[in-house]
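Here the structure comes first, spelled out in structure tokens, and everything after it is commentary.
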Amino acid sequence: MRIAILGTGQVAAVMAPKLKVAGHHVVIGSRDPQQQPAWMSAAGSEVALASHEGAVAVAAVVVNALPGAAAVQAMSLLGDELNGKVVMDVANAIVPSDDGIALSYPNGSLAEELRGALPRARVVKAMNTVSALVMEDPGALPAPSSIFVSGDDPDAKQVVKSLLRDLGWPAESIIDLGRLETARGPEHLFQLLVPLFAWGTPMLNLAVIR
Ligand SMILES: NC(=O)c1ccc[n+]([C@@H]2O[C@H](COP(=O)([O-])OP(=O)(O)OC[C@H]3O[C@@H](n4cnc5c(N)ncnc54)[C@H](OP(=O)(O)O)[C@@H]3O)[C@@H](O)[C@H]2O)c1
């Protein structure tokens, strides 16, 4: 599958090599593709770097790994290029506040905002509730844990679930919450995750036991 990852941060750094090993063609989208991020040169990565437009043009799946508060504006610039494509939204939309960090969309979700801005893209929310290190290596945790998926398009959700499997998530860990509105739950979990990550390790996750 041809995958564009927008953003050259930690999420792209861990996800791109793993998806490549799984057999996918991965292009990273950057605002400045002339400027290779340090992790790319350090890893000797053969993952390609392009502009956002260039990365998306060849992709069937576009991963939103941008700062969440900037994502709607940045992805709106891509307009029709995203029509029909699966947009896997892993971002957390947060802003600094007097109390620390606040949600950008406290009465909704980034995923719904992306759907509103890009009505012909097939937005699926996934993986925003774990650190990048857990995203690509859930087996490093001492027990099975849960990962959530929300979206309106069943086929798009299947694509995302298969990518989660490629990243190491067992089928029984993947919880399909339903339509895209359910992304509010995982997005608002950010306020629980902040104090948990303050324990000092990114190697943690929630498990739904039933
Ligand atoms: N890191 C984690 O452990 C983790 C876990 C779960 C979810 N997330 C979410 O995943 C997303 C990516 O996180 P991250 O830690 O990989 O990276 P990040 O620090 O949020 O930045 C990602 C990349 O986005 C680009 N960028 C920065 N500001 C931008 C702007 N105003 N407009 C457009 N592009 C901009 C930059 O790449 P270029 O300069 O190359 O354009 C940057 O490297 C975030 O929304 C984050 O909340 C992260």
Side-chain angles (χ1 to χ4, degrees), residues 3-19 26-43 45 47-56 62-78 81-82 87-96 100-105 109-111 113-114 117-118 123-138 140-141 145-150 160 163-164 167-169 183 185-194 196-206:
I3 301 171
I5 302 178
L6 302 185
T8 58
Q10 198 188 3
V11 169
V14 300
M15 207 185 267
K18 190 89 183 253
L19 291 174
V26 182
V27 180
I28 309 280
S30 170
R31 294 168 297 175
D32 182 5
Q34 306 306 321
Q35 190 73 38
Q36 198 181 49
W39 64 263
M40 266 188 152
S41 33
S45 169
V47 177
L49 188 63
S51 65
H52 285 188
E53 294 79 1
V56 165
V62 178
V63 179
N64 170 25
L66 299 170
V72 171
Q73 188 182 16
M75 295 187 77
S76 294
L77 294 175
L78 298 167
E81 284 289 347
L82 291 167
V87 170
M88 179 173 165
D89 172 28
V90 308
N92 282 303
I94 48 173
V95 285
I101 297 174
L103 298 172
S104 301
Y105 308 110
S109 65
L110 169 61
E113 294 291 325
L114 287 172
L118 305 161
V123 180
V124 178
K125 189 83 199 183
M127 292 216 295
N128 67 298
T129 50
V130 292
S131 69
L133 295 175
V134 172
M135 275 182 195
E136 61 94 25
D137 193 10
L141 294 174
S145 61
S146 304
I147 199 82
F148 305 106
V149 174
S150 304
V160 167
L163 294 179
L164 294 183
L167 289 167
W169 290 91
E187 289 198 20
H188 292 212
L189 267 181
F190 191 81
Q191 298 192 321
L192 172 63
L193 298 174
V194 169
L196 294 181
F197 285 128
W199 288 351
T201 175
M203 298 307 294
L204 58 84
N205 192 17
L206 306 172

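Bear in mind the structure is a predicted one, so any value in this text is a computation, not a measurement. One-based numbering, in listed order, for ligands and for the atoms of each.
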pair [X]-[Y]: side-chain heavy atoms closer than 4.5 Å:
{"X": "Asn128", "Y": "Phe190", "result": "no"}
{"X": "Met88", "Y": "Val62", "result": "no"}
{"X": "Glu53", "Y": "Glu81", "result": "no"}
{"X": "Lys125", "Y": "Leu110", "result": "yes"}
{"X": "Met127", "Y": "Trp169", "result": "yes"}
{"X": "Val27", "Y": "Val47", "result": "no"}

Nearest protein heavy atom to [atom], by residue and atom, and its distance?
{"atom": "atom 42 (C) of ligand 1", "answer": "Thr8 N, 4.0 Å"}
{"atom": "atom 17 (O) of ligand 1", "answer": "Gly9 CA, 3.7 Å"}
{"atom": "atom 11 (C) of ligand 1", "answer": "Leu66 O, 3.4 Å"}
{"atom": "atom 12 (C) of ligand 1", "answer": "Ala65 O, 3.2 Å"}
{"atom": "atom 24 (O) of ligand 1", "answer": "Pro67 CD, 3.2 Å"}
{"atom": "atom 7 (C) of ligand 1", "answer": "Val90 O, 3.3 Å"}

Show the atoms of ligand 1 that are less than 4.0 angstrom away from any heavy atom in [X].
{"X": "Ala70", "result": "30 (C), 31 (N), 32 (N)"}
{"X": "Ser30", "result": "38 (P), 40 (O), 41 (O)"}
{"X": "Met135", "result": "5 (C), 6 (C), 7 (C)"}
{"X": "Ala91", "result": "9 (C), 10 (O), 45 (O)"}
{"X": "Gly68", "result": "45 (O)"}

Among Arg31, Met127, Gln10, Met15, closest by any non-hydrogen atom to atom 29 (C) of ligand 1: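 Looking at heavy atoms only, the winner is Arg31.
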Pick from Asn92, Val134, Val130, Val11: the one approaching atom 5 (C) of ligand 1 most closely through a non-hydrogen atom: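 When every heavy atom of Asn92, Val134, Val130, Val11 is considered, Val130 comes closest to atom 5 (C) of ligand 1.
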From Leu206 atom CG to Thr129 atom OG1, the distance as rounded to the nearest 0.5 Å: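 Reported value, rounded in 0.5 Å steps: 7.0 Å.
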CG-CE distance between Asp137 and Met203, expressed to the nearest 0.5 angstrom: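 Separation between the atoms: 6.0 Å.
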Leu118, Leu6, Val87 screened by side chain to side chain contact (heavy atoms under 4.5 Å, CB included) with Leu78, the one that passes: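 Answer after filtering Leu118, Leu6, Val87: Leu6.
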Heavy atom of Asn128, distance to ligand 1 below 4.0 Å: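 Right, Asn128 reaches ligand 1.
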Worked verdict on Leu66 versus His52 for side chain to side chain contact (heavy atoms under 4.5 Å, CB included): CA-CA 11 Å; Leu66 299 170; His52 285 188; 3.9 Å; yes
Ala132 N/O under 3.5 Å from ligand 1 N/O: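 Among all N and O atoms of Ala132, at least one is under 3.5 Å from an N or O of ligand 1.
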Heavy-atom protein neighbour under 4.0 angstrom from atom 32 (N) of ligand 1: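 Answer yes: something from the protein, a heavy atom, is under 4.0 Å.
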